[in-house]
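One structure, as structure tokens, below. Some questions next.
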Amino acid sequence: MMKSLILIAITIIAGAMAMSIKTDDDSCPFPSQLKPKYDFSWKSKSGEWQNLTATTAYMMLALSWSPTYCATLSQANRDKEFQCMPSNGFGLIVHGLWPQAAKAPNVRAHPRNCRDEAQLNATFVKRFFCIMPSEDLMQGEWEKHGTCYYNQPMDYYVITEKIYQALRIPTNNVMTSSSAVVIKDAFLTLNSPALFASAVQIDMSGSKLKEVKICYDLQFRYASCT
Ligand SMILES: *[C@@H]1O[C@H](CO)[C@@H](O)[C@H](O)[C@H]1NC(C)=O
Ligand SMILES: *[C@@H]1O[C@H](CO)[C@@H](O)[C@H](O)[C@H]1NC(C)=O
């Protein structure tokens, strides 16, 4: 009796560990295994393009409200995404840091897909997983956007992490409000006086927050988004 109880307990603990490994210095869940392949190749993606000639005038930090993103996926795809498992509790995450051209008439006028790069290793993915909990996203953003301004992925993600962590994020109560104005005002108040209105964009999907965009000049001071 005692023996089988212990066995059940061990099985439950082992099962929980297989779902997410959490060690002392982690502040977020991490999968027991990354996908075997998460390299990115823009040439093999329909709807991707390259822009090597656009000049970077400013930077946009795109933040994604994970519950809204996950709700756009099919159930099958959602089940595959660690980011989308409700028990992992991801809210606002970094979508990417985007080098932007001045006065771009459309999205194709921004720098994009400047180099093809090797798959980031698991140590690297783990290092930045709490701000960007998806190996596919981390790889894709590095190649699509990061390579147009940085030579090394570490430089790209260290600055991304630094500016994200410097930003004060409103409570979930505010983030789940149905009003872009309420969300934007909360960002402005919390990050006063440095942050200002034209450096923040709130994108809604109906009544739900989709993305928050914060703009910076090339010295990473807040800057207008256009
Ligand atoms: C790249 O961006 C520049 C301006 O930033 C634009 O003039 C050009 O058409 C873009 N190239 C492509 C292939 O879209
Ligand atoms: C992982 O990648 C980083 C960044 O490219 C590199 O500095 C590091 O040496 C790599 N680590 C391993 C274990 O391969």
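Remember, it's 1-based here, ligands and their atoms both numbered in the order they're listed.
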When you check ligand 1 against the protein, what N or O pairs turn up below 3.5 Å? List the atom names and distances, or just say none.
| from | atom 1 | to | atom 2 | distance (Å) |
| --- | --- | --- | --- | --- |
| ligand 1 | 2 (O) | N51 | OD1 | 3.4 |
| ligand 1 | 2 (O) | N51 | ND2 | 2.3 |
| ligand 1 | 2 (O) | A109 | O | 3.3 |
| ligand 1 | 5 (O) | A109 | O | 2.7 |
| ligand 1 | 11 (N) | N51 | ND2 | 2.9 |
| ligand 1 | 14 (O) | R108 | O | 3.3 |

Do N121 and ligand 2 have an N or O pair less than 3.5 Å apart? yes
Would you please name every residue forming a side-chain contact (heavy atoms from CB on, under 4.5 Å) with A186, sequence neighbours left out? P170, V174
Less than 4.0 Å between a side-chain N and a carboxylate O, is that true for E48 and K43? no
Axial cation check for W42 ring with R112, 6.0 Å and 45° limits: no
Which residues pass the salt bridge (Lys or Arg N to Asp or Glu O under 4.0 Å) test with K35, not counting sequence neighbours? E81, D136
Return the CD to OG1 distance between Q201 and T226, rounded to the nearest 0.5 Å. 8.0 Å
Return each pair, listed once, that meets disulfide (SG to SG under 2.5 Å) where at least one residue sits in residues 59-95; pairs must be two or more places apart or across chains. C70-C84
Checking side-chain hydrogen bond (donor to acceptor under 3.5 Å, both in side chains) against Q139, which of E135, E143, E141 comes through? E143
For F124, take its heavy atoms, then give the atoms of ligand 2 lying under 4.0 Å from any of them. 4 (C)
